[in-house]
Number of protein chains: 2
Amino acid sequence: MEHLQNDLLLRAARGEQVERVPVWMMRQAGRILAEYRAVRAKAGSFIKLATTPELAAEVTIQPVDILGVDAAIIFSDILVVPEAMGLPYIMEEKVGPIFPTTIQSMADVEQLLVPDPHEKLAYVIDAIKIVKQELNGRVPLIGFAGAPFTLLCYMIEGKGSKTFSKAKKALYSEEVLSHALLQKITDTTIAYLKAQIAAGANIVQIFDSWAGILSPEQYRTYSLPYIAQICDAITEVPVTVFAKGAFFAREDMGKLNCETIGLDWNMDIAESRRLIGNSKTLQGNLDPCVLYASYDEIKKHTITIIEQFGTQRYIANLGHGVYPDTDPDKVKCFIDTVKGYGL
Amino acid sequence: MEHLQNDLLLRAARGEQVERVPVWMMRQAGRILAEYRAVRAKAGSFIKLATTPELAAEVTIQPVDILGVDAAIIFSDILVVPEAMGLPYIMEEKVGPIFPTTIQSMADVEQLLVPDPHEKLAYVIDAIKIVKQELNGRVPLIGFAGAPFTLLCYMIEGKGSKTFSKAKKALYSEEVLSHALLQKITDTTIAYLKAQIAAGANIVQIFDSWAGILSPEQYRTYSLPYIAQICDAITEVPVTVFAKGAFFAREDMGKLNCETIGLDWNMDIAESRRLIGNSKTLQGNLDPCVLYASYDEIKKHTITIIEQFGTQRYIANLGHGVYPDTDPDKVKCFIDTVKGYGL
């Protein structure tokens, strides 16, 4: 059994007593750090960086060294899963991901693979192994995947969208196709997360980034059941579910077979605790824009949310990925305020 | 006093008994109609269309004739207000609105006008007068304006954005500037809505399109108080407030001095009624993507929401503007289903 020097995040996730609140940030391995931008420039492209294990490992560890966070999260992208299933994407500067081929028919769904992650996603698994070696037990490593519904959005729409109306059109008009696609993504995701865990991920997070575009009824039909399948299948390590915008599903999420629920900054903390219940750890939910404020304001906002969440069954984080133009010193102020709280 | 042949919408807004549920659609005067696209092509540009009273009036009335809705809404744009205050915008095809000059300092705020709407927004007022004459009492006319916070977003950010992080940065770092700007927009908006009402608008709607990017605390600080000022100032006609994504503010919105609250499709109907209370009419909240489904599914979803809302103190509508690629026959199916309900 692995010995971690700092296992605060894992203990908080499991609901065990912690001496202080653990903290990390979504997108901590990214453009906020000059050190990341240097490696990204060396790689030449985002996809090259994500698919080169040594480089992905390097940027994964940077925030542990530079920012002092209590966990690393493997540098990757949720869209590696569609790619491994047979739908490659390109990352266009200032536009985002684009899928030249999209899912439009049942025949398209049938052509998709449920790949062996050790084959098609070996570069992620290899990156995890390098990270584990280089971290050498300093902090836990977080693995992750996109929620099946969020991946369906990209696979049908073909690119980012404010409304994802093409993807939602499929939910309303192609019920059988939608469920078949979601099941295939779910099967792939379970195998992928298990491979991440076998390679050393100590906890995994499911990102349902586009949850907020669905009505409560559609969320219960097309997203939650597949997240539930994943939660039920992952028994090896704690699971975190972060469904951005799914305020309406908090009560249902309290019943998932997972340890931690992520909250965005729209969600009231006390109300979320009441809806989700006391058996889950909560993670989040500082507005990423707070990090644009003065140091004093950042400290004040950080302390306020810790006091609202309480120091147990809580993992400090932002309510969304850190914005790329955030000053790393402001980020450090947030992290240091959490780490200093109550000490 | 004006005699309206169909005043269902106004009676529903005021909480009076109605024989059947009134129905209209946000963005009903728009790209879904071939007849709109023809006038838009003739005008040459969106802004030309919006600033030419005869053409704006023509597209305002089209959905009354073609779709049979129970109200017209004046064809215009929320960004005419910043323009009248001294910040012109351009509308770029496939990109959206862009402000070449933005608000960055207190000096910028001080330079903004609180214009006389009869002077700087005469084209809207003139369009309303033409519409009233041509409608000739068939249905009520809805006037509108953007909520001060939503306009602040564009005036600081300079364009549409997923996060409006520059605008939110101002809220967290430039409190005095933010409040000064919001107050100036509020003063302009009150005068503008009063001019719309004097010209014949029978009800006005405030669109807080970007409400959903704020934390509950920031919403209470930077948006709600200014909407409240507008609601308090408009005593002539009923007021509708539609704050997309502000699920967390529903209880507070129930206390506004307005008649109707719009709901987006994320908001559970029974929960919204409980949070808002029984003294407001509710409007919405069909997912615009339902109109991509089959006719049978559209009927089923429409009847389901009417049964959830009830037939009194309810105005049928989508939970957002109708998407431009929606088939007008599907739109008509929604409208006819509402109009036929219970008859």
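First the proteins, then the strands, lettered A, B, ... as listed; each starts at 1. None of these values were measured; they are calculated from a predicted model.
Heavy-atom pairs under 4.5 Å with chain B peak, among A170(A), P216(A), G160(A), at P216(A).
Contacts between L214(B) and chain A at a heavy-atom distance below 4.5 Å involve the backbone alone (N, CA, C, O).
Here F334(B) pairs with nothing under the ring pair (Phe, Tyr, Trp, His ring centres under 6.0 Å) rule; sequence neighbours left out.
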Hey, can you dump all donor-acceptor pairs under 3.5 Å between chain A and chain B, distances included?
| residue | atom | partner | partner atom | Å |
| --- | --- | --- | --- | --- |
| K168(A) | NZ | D287(B) | OD1 | 3.0 |
| K168(A) | NZ | D287(B) | OD2 | 3.0 |
| Y172(A) | OH | D287(B) | OD2 | 2.8 |
| G212(A) | O | N266(B) | ND2 | 3.2 |
| I213(A) | O | W265(B) | NE1 | 2.9 |
| L214(A) | O | N266(B) | ND2 | 2.6 |
| W265(A) | NE1 | I213(B) | O | 2.9 |
| N266(A) | ND2 | G212(B) | O | 3.2 |
| N266(A) | ND2 | L214(B) | O | 2.6 |
| D287(A) | OD1 | K168(B) | NZ | 2.9 |
| D287(A) | OD2 | K168(B) | NZ | 3.0 |
| D287(A) | OD2 | Y172(B) | OH | 2.8 |

